[in-house]
Amino acid sequence: MATLSAMKEASVAPPPGRDQPVPRLTMSGVGKVFGAFTALANIDIAFHAGEVHCLLGENGAGKSTLCNIIYGLHSPSSGAMVCDGVSYAPANPKAALASGVAMVHQHFSLIPELSVLDNLLMGQRFGRLDRRGEAARIVTLAETYGLSLDPHALVADLSVGQRQRVEIVKCLMHNPKILILDEPTAVLLPDEITALLEICRRVADSGSAVVMVTHKLAEIEAIADRVTVLHRGIVAARSDRPAADMDGLVRAMIQRPDATGDDPAGLAQLSTRRHRPSGKAADEVAQLDGISLRDELGIARLQDVTLSIARGEIVGIAGVEGNGQTELGNMLAGLLHASDGRWFVEGQDLSKASPRQITEAGVGIVPEDRHRVGAVDRLSLADNIFLNRMPHYSRFGIIDRRRQVAAASTLAQQFDVRAAGMGVRFGSLSGGNQQKAVLARELTTPNLRFLLAAQPTRGLDVGAVKAVYSLIRDAADTGVGVLLISSELDELLAVADRIVVLYRGQIVGECTTDASNREQIGIWMSGKHT
Amino acid sequence: MSSPSATLARIGPPLLAVLAALTVGLIVIVGMGAALDKALLAFWRGAFGNGYAISASLNRAVSLALVGIGFVIANRAALTNVGGEGQIAMGGIAATALCLFPPIAGLPLGLAFVVPLLGAALAGGAWGGIAGVLRTRSGTNEVIATLLLSFIATWLLYWCVQSEALLRQPMTSSATLPESLPIPEATHVPLLTGSYSSPVTLGLPITIALAAVAALVLARSLFGFRLSAVGLNPVGAARAGINVGGHIVSALFIAGAFGGLAGGLMLQGEQFSLKAGFSSGYGFDGLVVGLLARNSITGVLAGALLFGFMRSGGIAMEMGAGVPSALVSILQGLIVVLIAGVAYFQDRRSVR
Amino acid sequence: MSFELLAVFLASTIRLAIPLLFAATGELVSERAGVVNMSVEGMMLAGAFGGAVGAAMTGSPWLGLVFAVLTVLPIALLQSVLTNSLRANQIVTGIGINILVLGMTTLGYRALFGARSREVIPGFDAVPVPGLAQLPVLGPVFTQIWLVWLAFLVAAAVGWMLSRTGLGIVLRGIGDDPEAVAKSGAPVGALRHGAVLFTGVMSALGGAFLSIGDIHTFTEGMTNGAGYLAIVAVIFGNWSLWRTVLACLLFGAATALQFQLPALGIVVPNALLIMLPYLLAFLAVAGLVGRQTAPRALAQPFWK
Amino acid sequence: QDPLTVGILIPGSKSDKGWMESGFDGLTAAQAKYGDQIVVQMIENISNADMEQALTQLASQNALVIGVGGQTQADVLKVAPRFPDVKFSIVGGNAGVEVANVAGYDVKQAEIAFVAGAAAAMLSETGAVSYVGGLEIPSIVNAGTEFGNGARYINPDIKYFESYTGDFDDVAKSKEATLAAIAQGADIHYHILNLGLRGMEQAAKESGTHIIGSYSNYCGTDPLYLAYSITGVGYQVQYAIDEAVAGTWVAGYKPFGLAMGADASDMIVCDPTPEMTEKLTEIMEDIKSGKITVLEG
Ligand SMILES: Nc1ncnc2c1ncn2[C@@H]1O[C@H](COP(=O)(O)OP(=O)(O)OP(=O)(O)O)[C@@H](O)[C@H]1O
Ligand SMILES: Nc1ncnc2c1ncn2[C@@H]1O[C@H](COP(=O)(O)OP(=O)(O)OP(=O)(O)O)[C@@H](O)[C@H]1O
Ligand SMILES: [Mg+2]
Ligand SMILES: [Mg+2]
């Protein structure tokens, strides 16, 4: 990450007003309540011209909510905002854009069916379009920020990084006074991140305020002029010298007094790494043999993935998101079939198996997307805990509710799933409890021999993370082979016995879990090995 | 399972919508210069005045309820079956063909009417099932597919009664109408009352029983549970080992089978010979009943009774007070529009 | 087929296709913006009714046309408020409106014209297109009322609007992903309202074409499923404008064939010909005629 | 003496300018004739599935029930046995009705259609005539066939075009069907349509051709029409009421047509030449005497 740190020094000319900051936007006492849940409470914050202001915070801390309020997508439940000296209360994004506020969203807002150009022009004007002229103008604009893009390409054909660039150009077209970027770097490769931060700096230098949401400390170090930390909807810390205050910021973010900068989540403490020797051939539980997979557009998502997992072994799959992990997970879950290659559990070929057959073969699946794949949000906790096992609790096709709820209740207790009752809607549980419920189901799969856990701690707080780790480890200790897919390297280092790195659908490296391999893994993850 | 206030919140708005529509109806009657008391009296007589009126309304309600129950079942899997009209037609065609197939009328133990009814259900089910297969195979939106199938079935029926090679009765005289032969007595659905002066058929208890079964299946059974899961989250359901495609096909098959059965009952219980226009809009009315019921089987029964009696009353009102029965269409339309609109205020809380 | 018969066949095809073309063009815009209006049938019927009433009262078919639009707009507004503001189920409200309009026009016609009117309603007359109408064989094709040309003109304009203007991009975007478009600052709700109202105006013209254009009279329930057929045309046209226009012409031709075939002594069951449009559309959505790609957010309400 | 209670079911629209309207005219005439000697209840425009209920409603409150149109027959036959004291008359009924309290009046449209065909052939200047029917049902098809036979009876080389729209009330289709015939040269059109007739009128108006009307005589009201064939739908409604009032009503099949006189069936050319009148009268006599045989219905 040397390039990142170097960049701040490289920014030679101090931007106008950096010494006597001019607030572009101030929020005072802003709060937001969703139903009974307070997402933001009494936020006071100011964004200044010429600065990059980073917002830091755990999942669910309220960062996106704050950004959405500025962009007019949510209206605040309380408080007021002032933009360039006048009272500011945008009713919708159009009003925000008119006031000079532009935003790159955490989830892209591009329409894949349309071309880049049409996406950029979307909603700008309604009359006849001079497509050629507009395209030229956009290319010129993009070039002044060092971005290249093909205005006539279909968005569906673009990579994530390219889409991100389109989103940014879309904002720049408004010549924004305030540019908001909500976790723009989450899905980018290291050089793409560097390029993005460079653009942020340029925009700030031109006198705008840049608001950037991120979880990544290196980025903050590289670019932030100011940092505000949110925790559970309130401002937990602020700093004008982020690089110097890093430790304190991290502590404020996770609210754990003992956290250190090197190990932000304190994962090392959770880890009781077992240096297992890699299994003998006879010990193999699961085997992936030359798996290749193409999506419906024919794009190769996995290429010749070969891997074996031994009894009791935890194999970690590392990689930047979007390098085939999702497809790998869906394939093992039986939702996709490999276009080439086969995979086995205890010698049983599951390449063409249905999800049910996979479960019956003793495979537990903790999917990456628990709302879409792992559960049915609108059914109850009890129903979700036994989603794949309801026949056990029914006779002659009629469900024995009493027996089911009793069993669910026992299981919930055993796995520490905290809920108001077994009848509450699964979707209303907090993220950690949802995840524990899914684990409860999958880990009690009859005759469990192989467990896939994809991003199992995403969106969970430290306590829940700890619980999940120990559940996975306990399973491995009983002889279950575990494949752990995670985009958090620290997590893999803490839990896995062995790490393989996925890049563009291929395994590009393998090593034991040792902190000293960290750099090498990073290189593999960024595709630099080639 | 739900508190009184929750029940009120659920049934209050539809009730208000019905009342509002009826009020508009009264205003229209007065506006047209008809005598209100006379009109209302005629309406009452037509709907409840005698055994026949009540029976006719009940029979109509039976058809509407069957289509509505089918709709609710499919809707549990988040599928909208708008093909009731065609499913009734297919049921009618199948029932006619079977009833007129000589060996059937000779079957013992009531099988003579049961077999054609089953055939009707099967034919309607197949018609609905096609939409299900398309939905799972090529992702075709089931609203579009069932609607198109409905039109196709309507004209198939027309073809059947136009062509002697199909179901048209033999042209004994040049005046032979384009309809099927009347079906044999043995294949008629038995009357409960024993007299055609109040012709309530066995269709009524069959429907009540089916409604009870449907309510049980939806609330308590594994199948109902799986339909919900498929409807709420097909990917999650698939991962949980539920055969999503199979449940989609079954749901639409069942919806269609209910429609087909309605067709069979209409033919074997009331009309006795197949004609063009046989389904008479009951498919659409039944769909509306299903929609208004908001996924409750009890709601379906209530809606079916309301529409069934309203139509009878409307006919009598035209006869007795000169108020065109088009007024009934207006009221039905209003009720649908109002209830659909009011749903917003009911759903607002549970959104997203 | 003799040349005269061919010309008559073409002219007949066009006339039968025009009401569909008006309504389908309107419905296409709405569906591209993600809203299905099952109420096209009712809106056409109301348009036919309004046109007839207006023309009969004022003696001018032009005012009749204005009347038709004015009659349909409140209905379209009702549909729009229900689906776009109250997020009611689009299919249900559409069917409800159709039942309502059928009842209201029947009642209204009897109330206004009396039960036994033999009134002839003033309507537009066919006008030959100078030059083209004198063509030897195809002449009859070019003797049509001006609304025919308007229909093609509007269809072309809509095609241009959808592909070449900012409005078109936004509408298409809204049909695929309204949330994303809202983030770009476009007024999604207002645009969806607008699209439905446009469908209303077009349906009104289609209905008025039937009553004061083609036939010069109103009869109860005279649209007779044309509205549903217009929706089918949009589906069969795979939500593309020129294909929808072709679908309308094809459906018109299938109907026209019913009267040409007997003249040629060819016996085809009528039922089959009437069924043809539905059958074709069904085969299309079944995936047997190319791949169907509906707007992604079709029939889904938009929650801000 | 108590007034006679009459219930009448008009399954279509009573203002369709066709069959239904003719039936309604008959009812109006009877009401004018009998004043408060009769009390009438009417139901119109009813869907197939509601027909039985409507008939039952009528039967339970009236002494005489009239179903206007063959499409009411099946339901009348079903309802009648339940009301043995009520008299049922079907206008447009067929042979084969054998219920003790049901009378079927056969209008014999094919007979008069033959005569209309002859008239059309005489009126045609182009040597081509056409016919549009609604539903492809026997009585309608037979009428079409006999219309063609009648035309050929006068002019063996005449060109004749017939088609069926599948719907008595579909105006657009009947217009197109007529236009297709006009394109082939037809200049005189005959029909059995209800509301759909308006489409034929529009086609004729646009093309300068003419129509022979059905059911009732409206000569002088509309230059589009050169002649009218009388099919006594209204006459039969009156007949049923007359008979019931007089107490002479009898059940069973009764053919009407030319044999029952000019009110039941007749052919009127609005502006005839003497030869025309003579020839048409001759044809009608020949039909009555059986010299010309026509299809039933
Ligand atoms: N529309 C909404 N309705 C109800 N609750 C909401 C809504 N939007 C957000 N929330 C809740 O508000 C809280 C804050 O959400 P927000 O998206 O702002 O978090 P975040 O800090 O951006 O998290 P992440 O890092 O995961 O993006 C969460 O608990 C979230 O579930
Ligand atoms: N979209 C939503 N709608 C309604 N309530 C929500 C929504 N999202 C979150 N909540 C509620 O907000 C609370 C906080 O949610 P969140 O996912 O941030 O949990 P959390 O505090 O991070 O818990 P955990 O540590 O278990 O993840 C939960 O109790 C949940 O019920
Ligand atoms: Mg966020
Ligand atoms: Mg959380």
Side-chain angles (χ1 to χ4, degrees), chain B residues 28 31-33 80 82 130 133-134 137-141 143-145 147-163 276 281 284-285 287-288 290-292 323-345 347-348 351-352, chain C residues 36 38 42 78-79 81-83 85-93 95-111 115 220 225 228-229 231-232 235-236 269-288 291-292 294 298-299 301 303:
Chain B
V28 172
M32 290 188 45
T80 308
V82 300
I130 293 176
V133 171
L134 286 185
R137 282 282 157 80
S138 33
T140 309
N141 181 318
V143 175
I144 291 168
L147 187 71
L148 292 176
L149 281 169
S150 198
F151 287 121
I152 292 172
T154 305
W155 291 106
L156 261 182
L157 170 70
Y158 180 81
W159 195 357
C160 281
V161 296
Q162 284 292 339
S163 164
F284 276 121
D285 287 0
L287 150 74
V288 166
L291 284 162
L292 298 184
V323 180
S325 51
L327 180 64
V328 175
S329 297
I330 297 182
L331 298 190
Q332 276 188 0
L334 266 182
I335 292 175
V336 175
V337 166
L338 286 173
I339 293 187
V342 164
Y344 168 69
F345 299 97
D347 291 344
R348 199 163 43 169
V351 79
R352 291 200 151 179
Chain C
V36 177
M38 286 299 237
L78 174 67
Q79 169 78 73
V81 167
L82 285 170
T83 53
S85 306
L86 300 182
R87 287 108 178 157
N89 183 315
Q90 299 184 359
I91 310 294
V92 193
T93 48
I95 291 176
I97 289 175
N98 290 344
I99 302 175
L100 183 65
V101 171
L102 181 61
M104 290 207 303
T105 50
T106 302
L107 207 65
Y109 185 75
R110 294 187 191 185
E220 290 160 16
Y228 291 112
L229 208 50
I231 296 174
V232 170
I235 297 166
F236 185 53
N270 243 340
L272 198 62
L273 286 173
I274 305 174
M275 199 198 291
L276 198 62
Y278 303 106
L279 206 57
L280 287 174
F282 179 74
L283 294 179
V285 297
L288 299 177
R291 182 136 190 94
Q292 294 291 105
L298 190 61
W303 293 94

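Below, read A as the first sequence line, B as the second, and so on, with proteins coming before strands; counting in each chain starts at 1. Source: prediction; values computed, not measured. Computed over heavy atoms, backbone and side chain alike; hydrogens, waters and symmetry mates excluded.
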message = If I measure from the heavy atoms of chain C, does B:V28 come under 4.5 Å with its side chain, its backbone, both, or neither?
response = side chain
inquiry  = C:Y228: which residues meet the ring pair (Phe, Tyr, Trp, His ring centres under 6.0 Å) condition with it, sequence neighbours left out?
reply    = B:F151
Rounded distance (nearest 0.5 Å) linking atom CG of C:L273 with atom CH2 of B:W155 = 11.0 Å
Interface moiety of C:I231 toward chain B, non-hydrogen atoms closer than 4.5 Å = neither
ask   = Which value, rounded to the nearest 0.5 Å, describes the distance between B:L327 atom CG and C:L107 atom CG?
value = 6.5 Å
query = chain C heavy atoms under 4.5 Å from B:V337: which part of the residue, side chain, backbone, both or neither?
reply = both
task = Would you mind checking which part of C:L82 comes under 4.5 Å of any heavy atom in chain B, side chain (CB onward), backbone (N, CA, C, O), both or neither?
result = side chain
ask   = In Å and rounded to the nearest 0.5 Å, what is the CG to CG distance from B:L149 to C:L279?
value = 9.5 Å
message = Looking at every non-hydrogen atom in both residues, tell me the closest pair between C:G103 and B:S329 and how far apart they are.
response = CA-CB, 3.8 Å
Interchain contact, B:I130 with chain C, by part (heavy-atom threshold 4.5 Å) = side chain
note = Applying a strict 4.5 Å limit to non-hydrogen atoms, the region of B:L147 in contact with chain C is side chain
message = Between C:T83 and chain B, with a heavy-atom cut-off of 4.5 Å, which part of the residue counts as in contact: side chain, backbone, both or neither?
response = neither
inquiry  = Is B:L292 close to chain C through its backbone or its side chain, or both, or neither, when contacts mean heavy atoms under 4.5 Å?
reply    = neither
request  = Check C:G96 against B:V336 and note the closest heavy-atom contact, atom names and distance.
outcome  = CA-CG1, 3.6 Å
inquiry  = If I compare all heavy atoms of C:A88 with all of B:A340, which pair ends up nearest, and what's the gap?
reply    = CB-O, 3.3 Å
task = Go through the structure and list residues passing side chain to side chain contact (heavy atoms under 4.5 Å, CB included) with B:I144, not counting sequence neighbours.
result = B:N141, B:L148, C:I235, C:W239, C:V285
ask   = Which distance, rounded to the nearest 0.5 Å, do you find between the OG1 of C:T105 and the CD1 of B:I330?
value = 8.5 Å
ask   = For B:L134, is it the side chain, the backbone, both, or neither that has a heavy atom closer than 4.5 Å to a heavy atom of chain C?
value = side chain
Contacting region of C:I97 [heavy-atom separation from chain B under 4.5 Å] = both
inquiry  = What's the separation between atom OG1 in C:T93 and atom CD1 in B:I339, rounded to the nearest 0.5 Å?
reply    = 13.0 Å
ask   = Hey, what do you get for CG (B:L331) to CD1 (C:I99), rounding to the nearest 0.5 Å?
value = 11.5 Å
inquiry  = Heavy-atom cut-off 4.5 Å, strictly under: side chain, backbone, both or neither for B:L334 against chain C?
reply    = both
